[in-house]
Protein chains: 2
Amino acid sequence: MTAYTATALKSELNERGWRLTPQRETILQIFQDLPKGNHLSAEDLHNLLQAEGHAISLSTIYRTLKLMARMGILRELELAEGHKHYEINQPSPHHHHHLICVKCNKTIEFKNDAILKTGTRTAQKEGYHLLDCQLMIHAICPACQRSLLPM
Amino acid sequence: MTAYTATALKSELNERGWRLTPQRETILQIFQDLPKGNHLSAEDLHNLLQAEGHAISLSTIYRTLKLMARMGILRELELAEGHKHYEINQPSPHHHHHLICVKCNKTIEFKNDAILKTGTRTAQKEGYHLLDCQLMIHAICPACQRSLLPM
DNA sequence: TTGCTTATTGAGAATAATACTTATTAAGGA
DNA sequence: TCCTTAATAAGTATTATTCTCAATAAGCAA
Ligand SMILES: [Mn+2]
Ligand SMILES: [Mn+2]
Ligand SMILES: [Zn+2]
Ligand SMILES: [Zn+2]
């Protein structure tokens, strides 16, 4: 519920000897403002930033996405073949999962608090520090079931 | 519980106008025989096949892995950066999920029947044909939490 | 069993997402 | 304000995966 602020990001970065840069702040903001149900690839983010007048290099985008995923701020999703998608990682009650058509990539989000609880408990039991917990349901959507296209 | 046979594979393939080849049969057998908890990348599979005297080309391996994943026979897992891993897709009570350290890729399997039920119900509700249902818990293992290495 | 159609294979080339390299810039702390 | 060094930008390199195409063989029908 409480938005993750640039100040909080700065603290977490500085704790580890890292730095808050305008690029990192801008990218965090993009994800905070992203409408629910949207997921960005590295290239999507690059384009979006350019459209808003921020010229952040692709290198920095890739580095930042990985960094924020490793920090648990973003979640890395395999919603399509060949490239990753990212969205902000929010706790319950915004936390959700994905039902994906493997043929056309149509994605439906759904919530289930029990799953996050299971994930939290499982990580804790093994002494792991939880970053993200995502149920991926791979399936074929109604339209693609009807399609006669191969595969 | 009941092993998925080459005959069953042949039926499913022929129904769609596709064919059972020795290569496909061999690859299915490899996964059937794979010890529990093992996951193979395309290259792992290629090496394993060569060691057993089967010279199946990498092209065929990639095609077959994707085909069997799309059929729901194999499950495609993101257990490490940069390449996919595969394992046989088994129903309850063998069905399981993965807790993964994003730093060293140490992976722990765990079972939870409620999750598969949720996945089945969610897919059904939306009219999707279920292929696979996997909870991925991304986390940092105890050893890596202690490590001072960056990222 | 034989022959035909066409899905599949193997080899190599092409693609594309991501990581790496290095000179330059600038964040954070003293 | 200065210094150390993390981070950036641009370009290059890497590499998993896909594509292309000629040769092969699975499945089917006669
Ligand atoms: Mn989402
Ligand atoms: Mn497994
Ligand atoms: Zn679809
Ligand atoms: Zn680890």
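All heavy atoms count here, side chains included; hydrogens, waters and symmetry mates do not. Each chain gets a letter, A, B and so on, in the order the sequences are listed, and its residues count up from 1.
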Q) His97(B) vs His95(B) aromatic rings, parallel, tilted or perpendicular, using cut-offs 30° and 60°? A) perpendicular

Q.
Any donor-acceptor pair under 3.5 Å linking the side-chain atoms of Tyr86(A) with those of Glu76(A)?
A. yes

**Q.** Heavy atoms from other residues, nucleotides or ligands near NZ of Lys125(B) exceed 12 (cutoff 6.0 Å)
**A.** no

Q: Please report, rounded to the nearest Å, how far the C1' atom of dT8(C) is from the CD1 atom of Ile27(B).
A: 12 Å

(Q) Rounding to an integer number of Å, can you tell me how far Leu13(A) CG sits from dA7(D) C1'? (A) 11 Å

Q | Value in whole Å for how far the P atom of dA26(D) lies from CG of Leu67(B) | A | 16 Å

Q: Return the value, rounded to whole Å, for the distance between atom CD of Glu76(B) and atom P of dA16(D).
A: 15 Å

Q) Below 4.0 angstrom from OP1 or OP2 of dT18(D), is there any side-chain N or O of Tyr62(B)? A) no

Q. Roughly, in whole Å, what's the span from CG in Leu65(A) to C1' in dA17(C)?
A. 12 Å

Q.
Please give me the minimum heavy-atom distance between Cys133(A) and Leu135(B), naming the atom from each residue.
A. SG-CD1, 3.8 Å

Q: Grab the CG-P distance between Asn47(B) and dA16(D) for me, whole Å please.
A: 12 Å

**Q.** His98(A) and His96(A) aromatic ring geometry - parallel, tilted or perpendicular at 30°/60° bounds
**A.** perpendicular

Q. Starting at CD1 of Ile56(A) and ending at P of dA10(D), how long is that distance when rounded to a whole Å?
A. 12 Å

Q. When the distance from CG of Leu49(A) to C1' of dT8(D) is rounded to whole Å, what number comes out?
A. 14 Å

Check residues 115-124 of chain B and write down every donor-acceptor pair under 3.5 Å in which the side-chain atom is one partner and the other belongs to a residue at least two apart or another chain.
{"from": "Thr118(B)", "atom 1": "OG1", "to": "Ala114(B)", "atom 2": "O", "distance (Å)": "3.1"}
{"from": "Thr120(B)", "atom 1": "OG1", "to": "Leu116(B)", "atom 2": "O", "distance (Å)": "2.7"}
{"from": "Thr122(B)", "atom 1": "OG1", "to": "Thr118(B)", "atom 2": "O", "distance (Å)": "2.7"}

Q) With a cut-off of 6.0 Å (strictly less than), are more than 12 heavy atoms of other residues, nucleotides or ligands near CD of Glu109(A)? A) yes

(Q) For a quick check, with a 4.0 angstrom heavy-atom cut-off, what is the B/S/- contact string for nucleotides 21-30 of chain C, read 5' to 3'? (A) -----BBS--

Q | Nearest-nucleotide comparison on DNA chain C, the residue closer to the 5′ end among Lys66(A) and Ser57(B) | A | Ser57(B)

Q | OP1 or OP2 of dA25(D) under 4.0 Å from side-chain N/O of Gln23(B) | A | no

